[in-house]
Amino acid sequence: ISEDTPPLTLSERSLAAVADFIKSGKARRIVVMTGAGISTAAGIPDFRSPDTGLYANLAALNLPEPEAVFDLTFFCENPRPFYALARELYPGARYRPTVSHVFIALLARKGLLHMLFTQNIDCLERAAGIPPDRIVEAHGSFATQRCIDCKEPFEEARMRDFVARAEVPRCERDGCGGLVKPDIVFFGEALPSAFFEQIGKAKEADLILVMGTSLQVHPFAGLPNMADEKVPRVLFNLEQVGSLGTQADDVMVLGDCDAGVRKLADELGWRDELEKTWREL
Ligand code: APR
C-alpha cells in the first residue's frame with residue numbers, strides 16, 4: 001500500500017492507532033494467527049529461518065528434503081528421523097511461553113480474543129493460560145498420539161518414555177504393532193476438523209493479529225485474507241509475509257514479535273500487567 005493511501009478504519013497505520021481502536025471498544029472480536037516465530041524466544045527453533053530454522057539443521061538426518069521429516073509416506077518408511085526430532089520438540093517443562101503468548105492470554109482475559117489459530121505444536125498457548133476453547137491448533141499438537149494403523153490412542157506416559165529415548169513407539173494392541181504418531185498434521189494429512197469448523201471466526205474478526213509465521217503453508221496461510229478489507233490487520237514478524245502490507249489498514253510491525261507486542265502493550269497501558277503475568281507463569 002502506498003504511504004498516501006488513507007486507512008479506512010484506523011486513524012493512521014500505527015500501533016498507537018491500533019491501541020486507540022482497541023480502547024475505543026470497537027475491537028471486541030480479535031482473531032490471532034500464529035506460527036513458530038512466537039516460540040523462538042522460548043528456545044524452540046522455527047522451521048524456515050535461514051540458519052537457525054529446523055529445516056536448515058536436519059542435515060544430520062540425511063533426509064531427501066527437510067520437510068520429509070513431517071511427511072507421512074516418508075515416516076511410514078523410516079520413522080527414525082521424526083523421533084530424533086521429536087525428542088527436541090516434545091513439549092515439557094523446559095519450555096516457557098513467551099511474552100507474545102502471554103499477550104494473547106491477556107486479550108482472552110479481557111474478553112477480546114475471538115479465536116487464536118496457531119500452527120504450533122508446542123502447546124505453549126495452553127501453558128500461557130489461553131482458554132482451550134479459544135485455541136485452534138491447526139496443525140495438531142503433541143498433546144495426544146495414536147497408532148496410524150488401528151487408530152488406538154497411545155498412552156502419554158509411554159510416549160514420553162519412548163520420545164525421551166528417541167525410540168520409535170509401536171502399537172501395543174495385540175496383533176497390531178503399527179507405528180505410533182503424535183496427532184500433529186504431517187504433509188499429506190488433513191487438518192483437524194476443528195480448523196474447518198472454526199474458520200468462520202476469521203471472517204467475524206474486527207481486528208486481526210498475525211504473529212511469527214512465514215504464511216507458507218496452506219490452508220492456514222489463507223486465514224489473514226478472510227476478513228473484510230476494512231478490518232485492520234497487524235503483522236508482528238521479522239519480515240513481510242503473505243498479503244500483509246497490501247491493504248489500507250495493514251499495520252506492519254517488522255522485527256522481534258516480543259518487542260512489537262511490548263510496544264502495543266505500552267500503547268494500551270497493559271505493559272505492567274503483561275510483564276507481571278509473564279514473570280508469574
Ligand atoms: N519475532 C518475529 N518473527 C520471527 C521471530 C521472532 N522472534 N522468529 C522467527 N520469526 C519469523 C520468521 O522470519 C518467519 O517469517 O517467523 C516466521 C516463521 O516461519 P516458519 O519457520 O515457516 O514457521 P511457520 O510459519 O510456523 O511454519 C508453518 O510449516 O513446516 C510446517 O507445519 C509446519 O506449522 C509449520 C508450518
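One-based numbering, in listed order, for ligands and for the atoms of each.
- If you check which protein heavy atom lies closest to atom 35 (C) of ligand 1, you get Phe47 CE1, 3.6 Å.
- Note: no N/O pair closer than 3.5 Å links Phe236 and ligand 1 by distance alone.
- In this pair, Tyr55 and Phe47 present their aromatic rings tilted. The plane angle is within the 30 to 60° band.
- Remark: Pro50 engages no residue in a side chain to side chain contact (heavy atoms under 4.5 Å, CB included) (not counting sequence neighbours).
- In terms of protein heavy atoms, atom 11 (C) of ligand 1 is closest to Asn237 OD1, 3.4 Å.
- Counting protein heavy atoms only, atom 25 (O) of ligand 1 is closest to Thr213 OG1, 2.8 Å.
- For Arg262 and Trp278, the positive end sits near the middle of the six-membered ring, less than 6.0 Å away and at most 45° from its axis.
- Below 3.5 Å of separation, one finds no N or O of Val241 facing any N or O of ligand 1.
- Phe162 carries Arg165 over the face of its six-membered ring, with the cationic atom under 6.0 Å from the centre and within 45° of the normal.
- At least one test fails for Lys181 against the ring of Phe82: distance under 6.0 Å to the centre or angle within 45° of the axis.
- Other residues, nucleotides and ligands contribute over 12 non-hydrogen atoms within 6.0 Å of the NZ atom of Lys110.
- Considering Asp250, Leu207, Val18, Asp20 in turn, Val18 is the only one that fulfils the side-chain contact (heavy atoms from CB on, under 4.5 Å) rule with Leu10.
- Looking only at heavy atoms of the protein, atom 15 (O) of ligand 1 is closest to Glu239 OE2, 2.6 Å.
- Through direct or indirect side-chain contacts shorter than 4.5 Å among Ile, Leu, Val, Met, Phe, Trp and Tyr, Met252 is connected to Val31, Met33, Met115, Phe117, Val136, Val185, Leu191, Phe195, Phe196, Ile199, Ile208, Val210, Leu215, Phe220, Leu223, Met226, Val231, Leu235, Val241, Leu244, Leu254.
- Checked by distance only, ligand 1 and Thr40 come closer than 3.5 Å through their nitrogen or oxygen atoms.
- The protein atom (non-hydrogen) at minimum distance from atom 29 (O) of ligand 1 is Arg48 NH1, 2.9 Å.
- Leu238 CG, 3.5 Å is the protein heavy atom nearest to atom 4 (C) of ligand 1.
- Nearest protein heavy-atom neighbour of atom 6 (C) of ligand 1: Gly37 O, 3.5 Å.
- At a heavy-atom cutoff of 4.0 Å, ligand 1 is contacted by the side chain of Val217 but not by its backbone.
- Within the 4.0 Å heavy-atom criterion, neither part of Phe70 lies near ligand 1.
- Geometrically, ligand 1 and Gln216 share no nitrogen or oxygen pair separated by less than 3.5 Å.
- Protein heavy atom nearest atom 32 (O) of ligand 1, with residue, atom name and distance: His139 ND1, 3.3 Å.
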